[in-house]
Number of protein chains: 2
Amino acid sequence: MEGNKVTIKDVARLAGTSIATVSNVLNGTGRVAEATKQKINRIIEELEFAPSTAARNLRDKRSSLIAVIVPYMETGKLMDNPFYWQLVAGIEEGARSKRLQIILVGVEPDETFSFVRERQIDGLIVIGAIQGSEIMSRIERLSIPVVFVDSYLQNDRLPHISLDDELGGYIGTKHLISLGHRNIVLLSGKLSEKGVNYYRWLGYCRALAEAGIAPREELVLQEPVSALSGYRVAGKIAAQLSEASAVFCLSDVAAIGLLKGLYDLGISVPQQLSVVGFDNSLQASYTIPALTTVHQDIAQKGQRAIKQLIQLMDGEPVEQQHIVLGVELVVRQSSASIQF
Amino acid sequence: MEGNKVTIKDVARLAGTSIATVSNVLNGTGRVAEATKQKINRIIEELEFAPSTAARNLRDKRSSLIAVIVPYMETGKLMDNPFYWQLVAGIEEGARSKRLQIILVGVEPDETFSFVRERQIDGLIVIGAIQGSEIMSRIERLSIPVVFVDSYLQNDRLPHISLDDELGGYIGTKHLISLGHRNIVLLSGKLSEKGVNYYRWLGYCRALAEAGIAPREELVLQEPVSALSGYRVAGKIAAQLSEASAVFCLSDVAAIGLLKGLYDLGISVPQQLSVVGFDNSLQASYTIPALTTVHQDIAQKGQRAIKQLIQLMDGEPVEQQHIVLGVELVVRQSSASIQF
DNA sequence: GCCTCCAAATAAAACGTTTCATCATTAATA
DNA sequence: TATTAATGATGAAACGTTTTATTTGGAGGC
């Protein structure tokens, strides 16, 4: 309640100094006598004075706010894949340690970014932007520091953190091939948008080619990334793709749905069908059977993104514009040698 | 690029009017001739003028920013339970439709909230605050609209959205009792903090009492809410609690871990042990066997929270200070009649 | 032709900071 | 003692809006 907000003026008045001096104490700038400093600090404490960010922002033309752009689904909600939560958690952690705050913005690929200029957002982290989308040109005109995550851009000079998706697709597939599988279904998201799925698919193709296996288009299923998709695909595989002996899902959530679908159909994993996921999400080790999957360090992805963004914002040169994080195969129980 | 930001002055100059008029056009206030309005709008478009939120905030003493306080774990990251993501997604959706932005703040129970005053945050959504924690008195002194979610407060006049946790605990337990179970393990979070777990536990006790079953303290396990906890508990049950025929987990994540732990130990669900979860998370229908669980509408929880907060911020009277959402039992395959 | 009234437009203050240039005081140096 | 240097403190401008009170310029009424 306390009526009106206490301002720097109140502090100055009570301390018997000028507001400039208070400001100096606040920011550790200029020279202030120790005694004065102490006195002012005491009064600040007493009054519970908190400097107005709005005034600072106006003065400094900065907001110490960074926006994280998360894609959203047709339902109007943020993507429900827990992957994003882990990513955001990583970002938030890094931001908090630098006393930055993040604003979370769900945004449709081609939506306007006016809020960035209006709010004088200091930096932007964009998750999952895709080549050629309107978003890119919009962002470039903003001329603020931006770090892309999991985005594929024609312009390689833009800072971004991504994964070696192609390699991920490759090692997942190769693993299955080395187990004797030749008819490997790929359960992917849309390939037309050249995003992460596309590159993982390239890796899949490379592994097949290397093994002398002709790629078959009907084995590549493009479905929304969700558990439900995986579940439904199980039926499709049983009905139309009985020759398949393995499925490589380009996300763990889809794999989880698939495992369940197969279970309901009485198809045993890995005896009758091997399943490999992608992400090594928190859930991956708790599926039955435990999911063999391509590991990525999601939290680190977020941390690297925020770290690079902060460097950019501080005007420090960034050592690497494009950071590609590694992938690693985690073999668990959902994949096995093909049975004859 | 473009050098400096374009301000309302630039617009006024080019339109040959005063900035006051431009401001009026911007906000639809005052009277301004149609021709002038058109001209100004054209110029705004042309210049891509975006009014400075900082200046507005300073003027209006508002920020049109609401903060969502999410608890974080000892690791320094936001809680990794996907539950929070669904909740935040619901909040974000509601906020976006009102052109509000949310800032996501990970905060340790007793941390300072100075940023709220500094940023002149207009509203606050606090998730999972508990009675008696320092947080409460801090928040009250802020005197801004606050909506609590999943929080238990001594002060019932504070607006909050919660679940009928007691009932949830009751129906989950009752379900198991009706299946003939009498030795029901409760896998809970900490009960000393009187949060959601505490009230669910009360419901558990009530159901037991109603059935004339004496509560046994050693059946109530207080563990961190995580899949790993659930997994470990499986071992404990096998080793020390062989008389138990059912486990009621107060979160789906823990149930998922438990199912896996039991599977690894060769204990079949539901034949040897029934398992019931809580939340009906997205994963619940994909476990093997599918999880019987107490359903709550998480997204709605978030939406109601933001809706109520907006009402509060608009100064509208809120119909109900304390909204209690319903729970519902979803019976799937992880629970069954006790086998003799 | 004078007065009143109304629409349209505006000047100026206020919001709460930071910082630059300046000033006062004391200490150090010649 | 006179000059310079260093320290500590300050006044005032600037940041970009919104809003209140005021001004301007006609149009209508008499």
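Residue numbers begin at 1 in each chain, while the letters A, B, ... track the order of the sequences.
Glu48(B) meets the salt bridge (Lys or Arg N to Asp or Glu O under 4.0 Å) test with Arg141(A); sequence neighbours excluded. With sequence neighbours excluded, the residues satisfying side-chain contact (heavy atoms from CB on, under 4.5 Å) with Thr29(A) are Asn24(A), Asn27(A). Legend: residues meeting salt bridge (Lys or Arg N to Asp or Glu O under 4.0 Å) with Lys307(B), ordered by chain and number and at least two apart, are absent. Considering only residues two or more places apart in sequence or on other chains, Tyr152(B) meets the ring-ring contact (aromatic ring centres under 6.0 Å, His included) condition with Tyr199(B). Here Glu46(A) pairs with Arg42(A) under the side-chain contact (heavy atoms from CB on, under 4.5 Å) rule; sequence neighbours left out.
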Study note, to complete from the structure: Nucleotide by nucleotide, nucleotides 7-19 of chain C touches protein heavy atoms under 4.0 Å in the pattern (B base, S sugar-phosphate only, - none) -SSBB--BBBBBB

